[in-house]
Amino acid sequence: MENRVSEAIESHVDLNSLPKEERLNRRRHSAAHVLAEAMVELFPDAELGIGPPIDTGFYYDFRLPRSLTPEDLTRLEERMRKSVKGKHAFQMASITKAEAEQKWAKQPFKLDLLADLEEGNVTQCTHAAFTDLCRGGHVNNTGELGAFKLMSIAGAYWRGSEKNPQLQRVYGALFETSEELAEYEHQLEEARRRDHRRIGKELKIFELFENIGPGHVVWLPAGATIRRELQRWIEDLEIERGYQHVITPNVGKRELYVRSGHWEHYQDAMYPVMEREGEEYCLRPMNCPHHIMVFESELHSYRELPIRIAELGNMHRWEKSGQVTGMSRVRIMTLNDAHIFCADEAMVESEVEGVLQLMEHVYGVLGLKNYRYRLSLGDRNNTEKYVDNPPMWDMGENLLRRVLNKVGLEYYEAADEAAFYGPKIDVQFQTAQGKDETLVTVQVDFHLPNQFQLEYIGEDGGRHRPIIVHRGVISTLERMTALLIEEYEGNFPLWLSPVQAVVIPIADRHIEYAEEVAKQLRTARLRVEVDTRGERMNAKIRDAQVRKIPYMLVVGDREAEAKAAALRVRGGGDLGAVPVTEILERLRRERDEKVLTVGG
RNA sequence: GCCUCGAUAGCUCAGCUGGUAGAGCGAGCGAUUCGUAAUCGCUAGGUCCACGGUUCGAAUCCGUGUCGAGGCUCCA
């Protein structure tokens with residue numbers, strides 16, 4: 001709230017004349033005041049931070065004599081509702097800095113905010129008995145807040161820096177109508193339902209074990225199948241585009257990472273060094289140095305470039321304990337990685353273009369839509385975090401911008417988001433939980449070729465320095481699988497489904513024929529099970545539905561007679577008896593064409 | 001890493017203020033042989049996360065640790 005010029009101190013606002021977003025922000029910000037009012041009543045010594053509106057409501061940060069409990073939220077909410085009933089007017093007033101400093105003398109965070117304000121720009125807002133330092137933007141009175149609910153308590157650093165004290169943040173949801181609030185709560189419920197951790201467990205896709213350690217994913221058979229399909233597919237796409245696949249070790253000597261710069265910039269995020277017989281080894285945090293070794297292993301001519309070296313390589317990153325999550329933020333991961341060694345900028349441009357086109361193809365086939373391209377820039381002044389080489393940054397950033405424009409992709413720019421060695425294009429994905437995650441990146445790197453003194457022989461017979469393009473497309477298999485689970489809600493398209501069809505014999509006497517049908521389908525490498533349990537057909541169908549298996553082939557006397565099966569598609573829909581040969585062709589085509597919707 | 005909350009059967013969860021545990025689903029066994037989303041019966045299954053403390057007595061209270069969730073910070 002601090003970087004807006006103080007507005008006219010209005011006496012009355014006609015809420016209906018405002019755009020909805022502005023109206024909502026006013027309601028949310030006002031609700032934060034009411035929350036603070038309630039908090040001060042509960043804890044007279046509460047120190048107040050800030051209370052801004054956010055996308056789904058508001059929050060307010062406090063420093064309190066003790067930790068808040070869920071019961072406190074109930075009490076605070078009741079107190080807030082009392083204030084709503086009182087319809088207290090919000091009244092803005094200008095005060096001098098000196099007055100403000102005196103008024104908030106016991107409020108260190110308010111004083112901190114005040115220090116940044118210009119004299120003449122200091123305003124306060126009063127409603128009922130509560131006054132807050134505030135630049136304005138309220139509704140007329142506390143009766144106009146809308147539908148709200150206090151949601152959760154969280155820790156948050158003052159001004160977002162972990163060097164500052166940590167405050168207690170109370171989050172509230174607020175919408176204009178109770179219907180909208182209910183809709184929001186429904187969305188939260190929906191997000192929980194789609195959560196890859198829940199579905200991953202239910203469908204036995206992956207598991208995490210305390211004994212193996214957090215962030216170390218175990219792919220169960222169903223997950224390993226999905227992974228294998230993704231892997232085969234992307235590798236084939238890469239082969240078609242001239243990539244060469246290599247397999248390199250998961251460790252390297254510490255010296256290698258010192259040279260690449262990882263040791264200096266990222267050792268905190270690396271697993272601790274292993275030492276034996278006087279040698280120091282690291283689990284690699286990235287694959288680049290290994291691929292550079294491959295490039296360096298022989299002298300290359302300009303005629304060979306670009307050289308595209310790819311690997312589904314494991315990477316190991318010591319994510320801090322609080323930030324490991326399910327399969328989407330892990331410590332050991334497999335990246336669909338490649339390094340393209342280019343002769344010059346023109347080649348870099350055309351290679352980056354090729355990568356962007358491959359991405360569009362891949363995300364299209366997977367049916368992904370909630371993603372945006374982000375041009376992530378460095379910071380010339382931060383030589384701690386980024387390699388100090390301004391011309392290199394200029395060149396890289398301009399180049400990426402040109403390619404994005406040329407390919408005609410929409411993108412946005414973000415400062416201070418680059419890799420330590422260069423700018424990048426990030427693919428930002430929105431998860432089911434509504435959070436932004438980086439799926440993959442394309443990076444232009446002038447730095448590592450320098451570190452490793454890479455060279456190729458040019459047309460002129462002289463030695464030249466190549467430029468490296470780092471890129472992923474399907475991200476780490478872990479994060480992509482997590483994403484797909486949420487995107488499909490576990491209903492994978494046929495080609496990715498761990499079990500593609502289950503044959504359901506109606507009675508035990510049909511098992512033999514059912515096995516025959518399964519065997520026939522397996523000749524087309526379809527993944528088929530036969531449900532031979534002594535359950536009723538209805539129960540078998542239900543279980544197959546719950547397991548989200550795309551096709552059910554029900555076989556009884558009539559089907560055995562006709563060399564057919566009654567075909568049922570996941571999600572309902574009995575297609576009646578279909579000859580097995582026809583089913584086989586149908587599934588094979590659906591699989592090979594990677595049709596997104598089963599039965600579609 | 002920091003703040004808050006949590007951990008009970010394979011899974012989801014109940015167990016009020018201290019008196020050594022329960023349901024549903026699942027599993028095993030038996031019966032049933034069935035035409036498009038759950039057949040019936042029986043049985044087994046627990047170091048109540050771990051370690052320490054308080055207490056005559058701890059799933060329950062306290063401390064430490066581990067793991068998980070939400071948030072903050074970070075994310076090559």
Side-chain angles (χ1 to χ4, degrees), chain A residues 59 61 63-64 66-70 72-73 151-171 188 192 195 197-198 201-202 204 208-215 257 260-262 265-270 284-288 315 317-326 329 335 337 376 385-386 417-422 424 426 433 435 437-438 441 443 445 447-448 470 472 504-511 534-546 552-559 566-577:
Chain A
Y59 68 77
D61 290 342
R63 183 150 69 181
L64 303 169
R66 67 162 171 84
S67 293
L68 288 171
T69 65
D72 291 328
L73 285 194
M151 303 297 282
S152 59
I153 308 155
Y157 298 107
W158 172 241
R159 291 191 178 227
S161 166
E162 60 184 327
K163 291 181 184 106
N164 289 336
Q166 192 162 44
L167 311 181
Q168 296 190 65
R169 175 172 295 178
V170 176
Y171 279 99
L188 289 180
R192 272 193 286 275
D195 193 317
R197 291 166 295 193
R198 195 183 69 81
K201 192 173 200 54
E202 270 173 17
K204 300 182 185 174
L208 291 157
F209 297 93
E210 206 172 312
N211 283 334
I212 296 181
Y257 305 102
S260 67
H262 291 113
H265 288 273
Y266 289 102
Q267 63 169 290
D268 283 352
M270 289 168 68
R284 67 172 169 195
M286 296 205 302
N287 309 313
C288 341
M315 309 187 301
R317 298 177 183 183
W318 193 263
E319 299 288 353
K320 286 188 268 177
S321 57
Q323 29 221 39
V324 176
T325 299
R329 185 90 184 260
L335 183 68
D337 205 2
S376 298
K385 187 169 172 187
Y386 302 109
E417 292 282 358
F420 79 82
Y421 48 75
K424 55 183 181 159
D426 292 315
Q433 279 73 36
K435 282 185 233 163
E437 258 184 352
T438 302
T441 65
Q443 300 160 9
D445 177 10
H447 173 69
L448 288 177
H470 303 240
I504 299 177
I506 290 178
D508 284 357
R509 66 175 181 282
H510 307 121
I511 289 179
E535 290 289 344
R536 296 172 63 218
M537 181 199 66
N538 276 321
K540 295 180 184 179
I541 287 176
R542 180 171 193 279
D543 289 344
Q545 285 290 161
V546 169
M552 283 146 267
L553 283 69
V554 179
V555 296
D557 293 329
R558 296 200 297 268
E559 287 76 15
L567 192 59
R568 185 190 157 101
V569 184
R570 177 177 66 200
D574 179 5
L575 301 183

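Just so it is clear: chains get the letters A, B, ... in the order the sequence lines come, proteins before strands, and each one is counted from 1.
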Item to complete: Sequence neighbours left out, what passes side-chain contact (heavy atoms from CB on, under 4.5 Å) with Ala269(A)? Give chain and number order.
Response: none
Worksheet item: When rounded to the nearest 0.5 angstrom, what is the spacing between CG in Asn164(A) and OH in Tyr157(A)?
Response: 10.5 Å
Fill in: Rounded distance (nearest 0.5 Å) linking atom CZ of Arg197(A) with atom CZ of Arg192(A)
11.0 Å
Do [X] and [Y] come within less than 4.5 Å of each other through their side chains, counting heavy atoms only?
X	Y	value
Arg509(A)	Asp557(A)	yes
Phe420(A)	His262(A)	yes
Gln545(A)	Arg568(A)	yes

[X] near the nucleic acid: base, sugar-phosphate alone, or nothing, with a heavy-atom cut-off under 4.0 Å?
X	answer
Arg197(A)	sugar-phosphate
Asn538(A)	sugar-phosphate
Ala566(A)	base
Gln545(A)	base
Gln443(A)	sugar-phosphate
Lys424(A)	sugar-phosphate
Phe420(A)	nothing
Lys204(A)	nothing
Asp268(A)	nothing
Arg509(A)	sugar-phosphate
Glu437(A)	nothing
Pro214(A)	sugar-phosphate
Gly160(A)	sugar-phosphate
Arg169(A)	sugar-phosphate

Rounding to an integer number of angstrom, what distance separates [N] and [M] when you compare their [atom1] atoms?
N	M	atom1	result
rG71(B)	rG63(B)	P	26 Å
rC49(B)	rU60(B)	P	8 Å
rC67(B)	rC51(B)	C1'	15 Å
rG26(B)	rC11(B)	P	15 Å
rG45(B)	rG28(B)	C1'	10 Å
rG19(B)	rG57(B)	P	14 Å
rA59(B)	rU55(B)	C1'	16 Å
rC48(B)	rU8(B)	P	12 Å

Worksheet entry | Nucleotide range of RNA chain B lying under 4.0 Å from chain A heavy atoms | rG1(B) to rA76(B)
Worksheet item: If you pin Lys201(A) and Leu208(A) to their nearest nucleotides in RNA chain B, which one's is more 5'?
Response: Lys201(A)
Discussion item. Between Arg536(A) and Glu559(A), which residue's closest nucleotide on RNA chain B lies nearer the 5′ terminus?
Written reply: Glu559(A)
Practice prompt. Test Leu188(A) against Met151(A) for side-chain contact (heavy atoms from CB on, under 4.5 Å), laying out the working first.
Written response: CA-CA 11 Å; Leu188(A) 289 180; Met151(A) 303 297 282; 3.7 Å; yes
Discussion item. Quiz question: by atom type and distance under 3.5 Å, do the side chains of Gln443(A) and Tyr421(A) form a donor-acceptor pair?
Written reply: yes
Item to complete: Start with the C-alpha gap between His470(A) and Leu448(A), add the side-chain angles, then the distance that decides, and say whether side-chain contact (heavy atoms from CB on, under 4.5 Å) holds.
Response: CA-CA 11 Å; His470(A) 303 240; Leu448(A) 288 177; 3.8 Å; yes
Item to complete: Both distances under 3.5 Å, Watson-Crick or G-U wobble: on that basis, could you give the dot-bracket string for RNA chain B, with [ ] for crossing pairs and | for other-strand partners?
Response: (((((((..((((.....[..)))).(((((.......))))).....(((((..]....))))))))))))....
Item to complete: Step by step, work out the side-chain contact (heavy atoms from CB on, under 4.5 Å) result for Leu567(A) and Leu553(A).
Response: CA-CA 5 Å; Leu567(A) 192 59; Leu553(A) 283 69; 3.8 Å; yes
Worksheet item: Gln168(A) pairs by side chain to side chain contact (heavy atoms under 4.5 Å, CB included) with which of Ile153(A), Asp61(A), Asp72(A)?
Response: Ile153(A)
